[in-house]
Each structure stands twice: as C-alpha cells, then as structure tokens.
Amino acid sequence: MQKLSAAKKGETGRIVFIDGDTRFLSRIASIGLIIGSVVEVIQNQKGRPLLVYCRDTMIAINRSECEKIMMEVTVNEQYDYRAAGSAQLGKVDAV
Amino acid sequence: MSNTTIALLGQPNSGKSTLFNGLTGSRQHVGNWPGKTVEQKEGYFTYGGKKYTVIDLPGTYSLSANSEEEIITREYIASGKADQVCILADASQLERTLFMLADYVGIRTPAILLLNMMDVAEEQGKTIDSRAIAKKLGIPVVPFTAVDTKNYAGLFKALEDGRAAPGILDETGISELYEAVIGEPYRQTLALLPGEGIGAYSSAWLAAKLLEHDAAAMVIVKSAMDAETVSRLADMTKGVRNGSLLTGDCKFRWIGRLLEGSVSEARTGERRMGRFDNVATSRAWGKPMAILLILVGLALSMLIAMPFMMASSYLPMLSAPISEALIGIGISAILVSLLCDAVLTAVSFALMMVSFVFGISLVFGFMEEIGYMARISYVFDNTMSKLGLQGKAIMPFLVSLGCNIGGVTGTRVIESWGQRVTTMALSWVVPCASTWAVVGLIGSLFFGDKALIVVLSMFLVAFLHIYITSKIFGRSLIQPSERTGLIMELPPYHKPRYRNLFKFVFNRMGDVLKRALTIIICVSILFWALSYTPDGHIENSLIYKIGIAIEPVTMVFGLRWQMFMAWLSSAMGKEASLGVLAALFNAQGIWTGISGQGVATAALSGSLLSTISKPEALAFLYAFFFNMPCLMALSSTVQESHSLKWSLRIAAYYLIAALLLAMVAYRVGLLIF
C-alpha cells in the first residue's frame, strides 16, 4: 500500500483509502474514484498534478489531494468496470 | 400551441451545449438565474406542431450541494418547472458519466437518458444495447450523437412519448444497494424520513444525501419535519464519516449492474497518451508550448478582428457629413452633437469591442472545443494555484497583453464563478497594447532613455499589485473549499465541430453587442454632456469648471486637472487619454479627442514638456498604467461575471488604487528629480 502521490508511472492499482472533507469526497466520487476503483498512473512528475486513467477517462488530480489517497499496486490487473467497488456487501466501516 | 419544458442535465464535456445549440439554433435567450450570478440559457424549438422550451442547466459533476451551480440545478429539477429532464451521458466514457443518472435516481421528475457520442463509442468498438438499459431503468434511452443534428429523430420521438407517458426512474435497485452496503445507518435514516419523501425527492434519495452530509438536503428535511426527528437524523448521519464514498460505491455498483450484459467492449490496445499529449503535458515542453499556442491564438484573433475593427474605427468620420445634413434639415445643434458625437462614437466603440470578442471567442473556443484547454489547465495548475486560481487562468493573463477585453472574455473557460471573477479582476492589471503605446510616448518624452527604468519599476509594482489584488478579491470570492486543488478529466482530443463553434460565437456576439451598446452609450453620453460646449471654447464646458474646482484635490496625487481628466478618460479607453491631453492643452474640442479623431502629437509634446514637471509625469504614468483598462473591458466584465455589483467594485478598486500609486510615485518623484 502506498500514497497515490508516491505511485510510479505505469503502475496499476486499486484505491483502498480516501480521506478528506465532504466536498472533496463527493467531488472525487463523482469523477469516478472510489474505494476499489482500479487506476493506472499515467504521469507523476514533481510539482505537477498526477495523471491517472480510470473508467475510460484521463483524470488530473492535484498532488496534495493524492496524499490523501492510498493505493495498492496490482500491476497486471485488467481494467474492468464490473470490478468497481470492492467493499464487501453488508460491511460498514463507519458507525 | 401547448408548451413542454425540457431541461438538459449533464457533466461537463458531455455534449450538453452542443445539444442545446443543435435543438434551438439561434432561438436562444441568455440571462441570469434569478438573483444568482450563474448564466441561464433558455431556447425554443417546435417539433410536430408542438412548442418546446429548452433549459440548459449549469454543467455539474453531480447533484450534491457543493456549488451554486449544483444547488440551482437541483432546485430547478425538483421545482417541477421542467416536464422532462434529459440526462446526458457520454457513451465513450459511459460508466463514469452515468454517475449523474445514478445521482438522479430518487428524484421523481420524469427523465430521459441520452447516450451521446455514439460515433466515438462505435469507433472504440463498443456496442450498447440501449433497449435493455431502458427496460432496467423504466425510462426512455436514446442513443445518438449530438453533433449530428440531422439525426435527432429518436430524441424527438422519446420526447413525444414522454409527453404521453412520463417515465420516472425506478429506485428499488439503488435503494437495495444502499441497504446492503451502508446497512444500519441507511435503514434507520430511511425509517425516520417520511415514507412518501418530500416534494420531488424520495426518502431513499434524501437518506443518501443526508449520509453524504449534504447541507442543502438537511435544510429540506428541516423545513418538512419536526425538530426532534431532525436532531435524531443529524445524530444518525454524523456517525458515518465517509458517506459520499459509500453512496458512490453503491452508485457505481448500480451502474455496473445496469450495464452488465448490455455493453460489450472490444479490448483495444490503444495508447492512453497520444504523441501530441506526451509533448503537451511534458515537463519540459508543456508550458512553453501552451504559452506559444496562446500567443499565436491571440495574434490570430487580432488578425480576424482587424478588418472589422478598422471599419468601425472609421465610423466617427461620418459624424461631420451626417451632422451637416441634420443641421441642414433644421434639427437643433445640441441634439445633432449628441447623436453624431456621443452616440456614433459609442456605437463604433461597441463594434470594435464585438469584433475583438468575435476573434477571441473563435480562436479560444476552438482550443476548448478540441480539448486542449484542459491540458493548459494541467500544466499551469501549480503556478496559478499560488494566486488561488486554476491553471486555465494563465490564458486570460496572456491574452490581456494584447487586449483586456479578450482576457476578460477568455475567463469563460474557468468553471468556478469565484475563480472566474478573481481572474478577471487580476487580468485588469496586465497592460494591453494601447497602454504600452501611451506609456512609450509619454515615458520617452519626459525621461528619454531612463524611460526603461520607469517601465521596469511599473512592472515590479504590477506584480505586487497582482499579488495584493489576489489576496483582497480572492478572500471574499473564492471559498476555502473551492481552493481544493484540481480534479478534472482531460477529455480526449476530437475534431472541432465548426457548426457548433460558430453558432456559439455568433450567439455570443449578439449578447455582447446588446449589453455593450447600452453601457457604452450611457457612459459616452455622460462624458459628452460634461465636455459639451455650445461655442467650442473649453472654458465653457462643465469638465473645465469641475476640473478647475477639484485641482487642489487632484494635486495631492500629483495630477493637474488636465492630467486628471486625461486619466479619467483613460478609463474609457487607454488611447482616449492622448486625445484628451491634446484637447485640454491645445484647447481643441474635448470630444474630438475622446473619439480619437486625430491627435497632433508634436504640438502636444511641446505643450506637455513646458507645463508638466517630471514628478507629475511620473504620477500620471503610474495613474494611467494602473487605471482600469477601458470601458469595454468593464462592459465585458459585467457580461462575463453576471454581476454588476462585483464589476463596479473591481472598477472602483482600480480607480482608487491607481490614484494611490500615483500619489506614491509623485512623492518619490519629488525626492528624485
């Protein structure tokens, strides 16, 4: 597990944790990044937003926001929409 | 003829405005949402003998209440003013863009799902069974391509069917997922809410929004329920920390189930990044390339605007023959002067402005249209975020070097209103081409080869000005939450849709011309009235009497009354100040100066050098350089910000700041020279 901001170009992985305020969470979910989403890191340059590829879309995310996202590298995973969302049914990590 | 109102809802880049233009053509009306600074676009079309009103809702990513746009969108949908809501999704990025539909489920306003960009999806080798999807959803689903305006038949049919039997989205599927994934907190929240929901919102929708900590949803609940239940609801939802992620998970699961078996995708080994994008986003070349392309764009738009600008600048020349003719038929001299001097000049100003807006909108609309703007945003994100702005803001700044009207017009590509207005306020500092012309002339006249030092000092102050202005305006205009960094998609490049682009540009010009004419004519008439003299002697004009009276005050800033008036008129147009100087020092008609009909520069130089001291010249240069750009830039700012109040605030801020800087420059000048 590593911060998304520390991910290397070309790595593919699953998002396992996202932290932030209500606004940020709703914004990042609406662009398709949630726990369990599979993302491919396209570019990670110092002083630049990250470029990731997820759900057929190239997405730019600010570096400081990427600090709040944790990813688990699973290099060879094939991208598949049915794989979205990994939280087990019935399991609640809140409350 | 009966009237049906349809609203278009979709994420940015979903093709919403293409569809809006395709449906309504030029039958559009642009205004503000009542009491808001968000643009409202409304249009009309008729089909099958029935009239349809189309409302273009603001482009948002979801229906959460995080921005003014989202709240407007949500409230409008729930208000029942729209008979049907067309929800757009991009077939080439189907899963992600269906999020809007998933977020809509539970709002009981009839809806139609439009799958746009089917042509691109086909190229990707994707096949979509829209019938199967329609069956699962319980609403019509129309696959189409918004650019292809000749093939809207499916859409029209769905609209007609919808009139007869409105389709409301089935919410059982998503509600089951909420229950399965979120569990007890969802069940209990749902149980506390009224079973029939509140207004257009179902209880399942409200429960999900409450768990997402949506403040506006809480307000709705408060208005309809007793205090005790509300406080129990608040306690219930407080325990769920990351509600948006949980409901987001449910929404994407729901989308997954919806698409399962209905979408087949041929896996292509396509590259994520094209060769062009590798350069456009690269560390070394991204920025230089963006700056180069913007400057080329600026030059191009100047080139496009030039013939129109030239033509309209000759308009005031007609003033003499027309006025002679009018006086000949016995119309009073004052009326003729008003018409031929004030109104004609104003019309020529407005036409010049519109031709520039035309060039800028066309060239930068093109860059936005093909998808390059998003790359600019990406490469300049870090630089501009230091001013609290996003990367796209670099564009208006560079364009302002040519003309501030263009800069202000260019802010349109910035999504957030607060950032847009702040960018406008900041881009006013950037000196335009005309500013340079006047600064060059006066500077070299008084300071010779030391003019360069004066210009450099103004440059340094300009950077300081930008920094301070960003703090002052940014604080009230940009909410801290809006400062959260960039999260946006880089849309794939695509071929420009010229029809759509030109439609956008022409509709735009019409609006600009209407507003510009009213504002500019009013101010022109005011200035004309001040400088009107029945006999052509300056001493008899109001401006002279006022000027003499206020000179003791203006000298505090190091400005003689003539310089002060020249400075004031530079707020109308930077070049105007030269004309006014000539008029005031050589006692020509003042208005001749403002309307730019020939300035005798040589004669002006002589009289300026003999009357104005160096510190006074320095004060004038500072006052002039930092003054508001021009009346047309102000008018554009009103147009683009949708807020007269903020535009006037910015203008007042610039006028005051310019005078204060002049005062400082004057005092410093007194010490040096």
Side-chain angles (χ1 to χ4, degrees), chain A residues 9-10 15 17-37 40-43 45-68 78-95, chain B residues 11 61-62 64 66 92-97 99-100 103 124 180-185 212-215 239-253 255-256 259-260 263 267 272-273 277 281-283 286 374 377-379 381-382 385 481 484-492:
Chain A
K9 180 178 175 169
I15 292 178
F17 179 76
I18 304 176
D19 192 25
D21 59 8
T22 307
R23 191 189 168 87
F24 171 64
L25 292 183
S26 106
R27 181 76 188 80
I28 197 109
S30 70
I31 207 159
L33 296 184
I34 50 166
I35 311 289
S37 296
E40 181 185 335
V41 179
I42 303 292
Q43 228 175 59
Q45 299 168 340
K46 214 174 137 234
R48 283 276 186 81
L50 255 84
L51 282 185
V52 300
Y53 197 80
C54 174
R55 298 179 212 272
D56 294 332
T57 310
M58 182 86 70
I59 301 168
I61 311 169
N62 196 289
R63 294 202 76 77
S64 57
E65 261 68 47
C66 292
E67 299 271 320
K68 304 182 221 162
Q78 272 294 307
Y79 177 74
D80 183 354
Y81 68 82
R82 278 171 296 258
S86 74
Q88 280 157 18
L89 285 186
K91 187 190 143 211
V92 184
D93 60 359
V95 192
Chain B
Q11 291 192 340
Y61 281 95
S62 69
S64 311
N66 288 325
S92 67
Q93 305 180 343
L94 193 52
E95 186 194 347
R96 178 180 65 82
T97 53
F99 188 84
M100 185 61 96
D103 213 21
Q124 292 175 333
V181 173
I182 307 170
E184 213 39 47
E212 290 169 16
H213 304 285
D214 184 303
V240 183
R241 278 181 299 112
N242 45 1
S244 296
L245 292 179
L246 294 174
T247 59
D249 187 10
C250 297
K251 283 165 197 166
F252 279 110
R253 279 168 191 272
I255 293 167
L259 298 184
E260 205 160 7
V263 176
R267 278 251 65 90
R272 305 281 198 237
M273 292 273 263
D277 242 0
T281 61
S282 83
R283 208 171 164 69
S377 197
Y378 164 75
V379 293
D381 183 62
N382 265 41
S385 68
S481 51
T484 48
L486 167 100
I487 304 171
M488 66 161 200
E489 86 253 31
L490 301 187

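Order of the sequence lines sets the chain letters (A, B, ...), proteins ahead of strands, with each chain counted from 1. Keep in mind it's a predicted model, so treat the numbers as computed, not measured.
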Q.
Both conditions, 6.0 Å and 45 degrees, for the charged tip of R55(A) above the ring of F99(B): are they met here?
A.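 Not flagged: R55(A) not positioned over aromatic ring of F99(B).
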Q. When you check the side-chain N and O atoms of N66(B) and S26(A), is any donor under 3.5 Å from an acceptor?
A.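 Yes, a side-chain donor-acceptor pair sits under 3.5 Å.
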Q. Can you find a side-chain donor-acceptor pair between T281(B) and Q43(A) that sits under 3.5 Å?
A. yes
So how far is it from [X] [atom1] to [Y] [atom2], rounded to the nearest 0.5 Å?
X       : Y       : atom1 : atom2 : result
R27(A)  : S64(B)  : CZ    : OG    : 10.0 Å
R96(B)  : L33(A)  : CZ    : CG    : 10.0 Å
I28(A)  : I487(B) : CD1   : CD1   : 4.0 Å
R253(B) : I34(A)  : CZ    : CD1   : 8.0 Å
I59(A)  : L486(B) : CD1   : CG    : 11.0 Å
Y378(B) : R48(A)  : OH    : CZ    : 5.0 Å

Q) For chain B, which of L50(A), L25(A), V52(A), I42(A) has the most heavy-atom pairs under 4.5 Å? A) L25(A)
Q.
D249(B) vs I35(A), test: side-chain contact (heavy atoms from CB on, under 4.5 Å). Steps then yes/no.
A. CA-CA 7 Å; D249(B) 187 10; I35(A) 311 289; over 6 Å; no
Q: Determine the minimum heavy-atom distance between Y61(B) and S30(A), stating which atoms define it.
A: CB-OG, 3.4 Å
Q) What residue in Q11(B), E489(B), Q93(B) has the most heavy-atom pairs under 4.5 Å with chain A? A)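 Option with the greatest count: Q93(B).
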Q) Between H213(B), E212(B), R283(B), which has the largest tally of heavy atom pairs under 4.5 Å with chain A? A)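 Highest number of heavy-atom pairs under 4.5 Å: R283(B).
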Q | Minimum side-chain heavy-atom gap I18(A)-N242(B) below 4.5 Å | A |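 The answer is no; the side chains never approach within 4.5 Å.
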Q.
At a 4.5 Å cut-off on heavy atoms, which part of S92(B) comes close to chain A: side chain, backbone, both, or neither?
A.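 For S92(B), backbone heavy atoms alone lie under 4.5 Å from chain A.
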